[in-house]
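Notes to accompany the following structure.
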Amino acid sequence: MASLSFTQIRGKNPVAEFSRTRPELGLTRPSRVGFRVFASEPETKAEPDLSVTVNGLHMPNPFVIGSGPPGTNYTVMKRAFDEGWGAVIAKTVSLDAAKVKNVTPRYARLRADANGSTKGQIIGWENIELISDRPLEIMLKEFKQLKQEYPDRILIASIMEEYNKAGWEELIDRVEQTGVDAFEINFSCPHGMPERKMGAAVGQDCALLEEVCGWINAKATIPVWAKMTPNVTDITQPARVALSSGCEGVAAINTIMSVMGINLTTLRPEPCVEGYSTPGGYSSKAVHPIALAKVMNIAKMMKSEFGDKDYSLSGIGGVESGGDAAEFILLGANTVQVCTGVMMHGYGIVKKLCSELQDFMKLHNFSSIEDFRGVSLEYFTTHTDLVRRQQEAIQQRKAVRKGLQSDKEWTGDGFVKETESMVSN
């Protein structure tokens, strides 16, 4: 609705003039001379800014396609850019895709209902999927095509190779030539080919991780993110090694090693391939609280030991709403990755994520992502400190004076109660 504005006539202050000439009630109406009434457009407050700049990479919003099926080829990555995702991380590539043999079915879902039920909300998702089974040459061609068509959008290549320095150097060189903006190193795939020292086999061994990170960062000329496995006792240890070895950022978490369940009719595990299965990676809504804890621990370590201005943190795990993303950012994440959420809801979910994140920002009057990034970190402490804080609060409440504070507060009607309020026994 249009608002009214007042413009001065003859240099007078109309409000002051009106207050001086306003007649008493019951007399004639006050003159409107001295006022001119205009209709003006309502003021529109600018929408919160979702854009982020991470390791020199500018993104229109913090939502990133996580490495996996949603980034498996040109067609789907193009769709992600067209829908408005802030960045895309392609499915992990290696030098020899011929060694990658996937099976199907390779997914299993956990629902919030009885065992084996096909009803109820999906809260967990397991996959036994390997890295890209497409020839590297084809993936490189598609990376190059995407960067030509979307030169101002961020494309990140996820890479993984065997324990071989020359192999890593070749892979980095060939992928960089396509024009991708950064690397995410898959140190975290929980299943498939650990015997080749790939994925989590490196991320779980800090000595091995340090050596491989050294090879990678000596060769790469674009930003490098190390993707962390949650399948360790203390996730800050490999994160610290990766940053100390030259990585610009850390992404956490990859999937959690799991067995989705046993079919109580067939007695076979899920996902079931020819009657058999293997442990796989667990994702979706049920892992969100675990991911938050891991990201919080990494963020606190980064802030205390590295400072978080020159390094980045990408939060991953069970993001299906803007609120889920806000939690990661409040814990220090610069960007938020979504993979399983896209597999369940489609690429268009990014519009919902952006809208809901902006609604959260409006609620708290945040104008940018940096306004609230890491704000909640200071509220985490040790259990010992919680006990101390509570004891101090209890003592403080006990120390509050009761009864009257001065003689002037005595009253006749409440005299007896006032006296009682100051008796100690």
Side-chain angles (χ1 to χ4, degrees), residues 51-60 62 64-67 71 74 77 81 86-97 131-132 135-188 198-199 202-203 208-228 238-252 302 306-314 334-335 337:
S51 67
V52 294
T53 300
V54 185
N55 304 130
L57 309 174
H58 184 73
M59 307 176 191
V64 178
I65 291 287
S67 180
Y74 166 83
M77 289 188 280
F81 282 139
V88 171
I89 302 176
K91 192 172 185 182
T92 304
V93 297
S94 63
L95 288 175
D96 188 1
I131 62 175
S132 177
L136 178 62
E137 292 73 17
I138 293 177
M139 291 294 283
L140 296 180
K141 181 181 177 181
E142 294 182 355
F143 291 167
K144 189 172 183 178
Q145 184 177 356
L146 281 165
K147 284 306 300 179
Q148 289 173 344
E149 295 179 11
Y150 298 87
D152 60 338
R153 304 303 294 277
I154 302 303
L155 176 62
I156 300 173
S158 174
I159 62 175
M160 182 166 73
E161 192 44 57
E162 296 186 40
Y163 179 65
N164 180 289
K165 182 180 179 182
W168 275 105
E169 290 176 340
E170 179 186 349
L171 181 60
I172 289 168
D173 184 56
R174 294 179 66 182
V175 175
E176 272 201 14
Q177 289 181 35
T178 66
V180 296
D181 301 284
F183 287 118
E184 183 180 79
I185 314 300
N186 188 338
F187 291 132
S188 48
M198 299 177 77
V202 179
L208 201 58
L209 178 65
E210 183 175 23
E211 183 178 18
V212 175
C213 279
W215 300 342
I216 294 167
N217 289 301
K219 182 67 176 177
T221 64
I222 56 179
V224 174
W225 296 357
K227 189 171 184 179
M228 298 285 98
R240 180 183 294 107
V241 167
L243 295 173
S244 298
S245 301
C247 294
E248 282 80 9
V250 168
M302 289 176 64
F306 294 88
D308 60 357
K309 297 300 181 184
D310 299 322
Y311 297 91
S312 65
L313 177 57
S314 192
N334 303 83
T335 58
Q337 296 186 30

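No experiment lies behind these values; they were computed from the predicted model shown. Numbers for residues simply follow the sequence, beginning at 1.
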Reported [atom1]-to-[atom2] distance for the pair [X] and [Y], which is rounded to 0.5 angstrom:
| X | Y | atom1 | atom2 | value |
| --- | --- | --- | --- | --- |
| S314 | I89 | OG | CD1 | 5.5 Å |
| M160 | E184 | CE | CD | 11.5 Å |
| S132 | I159 | OG | CD1 | 13.5 Å |
| S245 | I216 | OG | CD1 | 9.5 Å |
| L136 | F143 | CG | CZ | 8.0 Å |
| K227 | S158 | NZ | OG | 6.5 Å |

Considering only NZ, NE, NH1 and NH2 on the basic side and carboxylate oxygens on the acidic side, decide whether [X] and [Y] come within less than 4.0 Å.
| X | Y | answer |
| --- | --- | --- |
| K165 | E211 | no |
| R153 | D181 | no |
| K141 | E137 | no |

Close side-chain approach of [X] to [Y], heavy-atom, < 4.5 Å:
| X | Y | value |
| --- | --- | --- |
| Y74 | I138 | no |
| E161 | L95 | yes |
| F183 | I172 | yes |
| W168 | E162 | no |
| V175 | L140 | yes |

Going by atom types alone, do S312 and N334 pair a side-chain donor with an acceptor below 3.5 Å? no
Please report the closest heavy-atom contact between [X] and [Y], naming both atoms and the distance.
| X | Y | answer |
| --- | --- | --- |
| S94 | I131 | OG-CD1, 3.6 Å |
| A252 | M228 | CB-CB, 4.2 Å |
| I65 | G71 | CG2-N, 4.3 Å |
| A87 | M59 | CB-SD, 3.9 Å |
| L155 | L146 | CD2-CB, 4.1 Å |
| A226 | C247 | CB-SG, 4.1 Å |

Please check this pair: side chain of [X] against backbone of [Y], looking for a donor-acceptor N/O pair closer than 3.5 Å.
| X | Y | value |
| --- | --- | --- |
| N55 | L57 | no |
| N217 | C213 | yes |
| E248 | V224 | yes |

For K147, does the NZ atom have more than 12 heavy-atom neighbours from other residues, nucleotides or ligands under 6.0 Å away? yes
Which is it for V88 and I156 under the side-chain contact (heavy atoms from CB on, under 4.5 Å) test, yes or no, and what are the steps along the way? CA-CA 6 Å; V88 171; I156 300 173; over 6 Å; no
Run the ring-ring contact (aromatic ring centres under 6.0 Å, His included) test against F81 and tell me which residues pass, sequence neighbours left out.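 ring-ring contact (aromatic ring centres under 6.0 Å, His included) list for F81, sorted by chain: Y150.
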Please test T221 against E176 for side chain to side chain donor-acceptor pair (under 3.5 Å), starting from the C-alpha separation and ending with a verdict. CA-CA 8 Å; T221 64; E176 272 201 14; 2.7 Å; yes
Can you confirm whether or not the ring centre of Y311 sits under 6.0 Å from the ring centre of W225? no
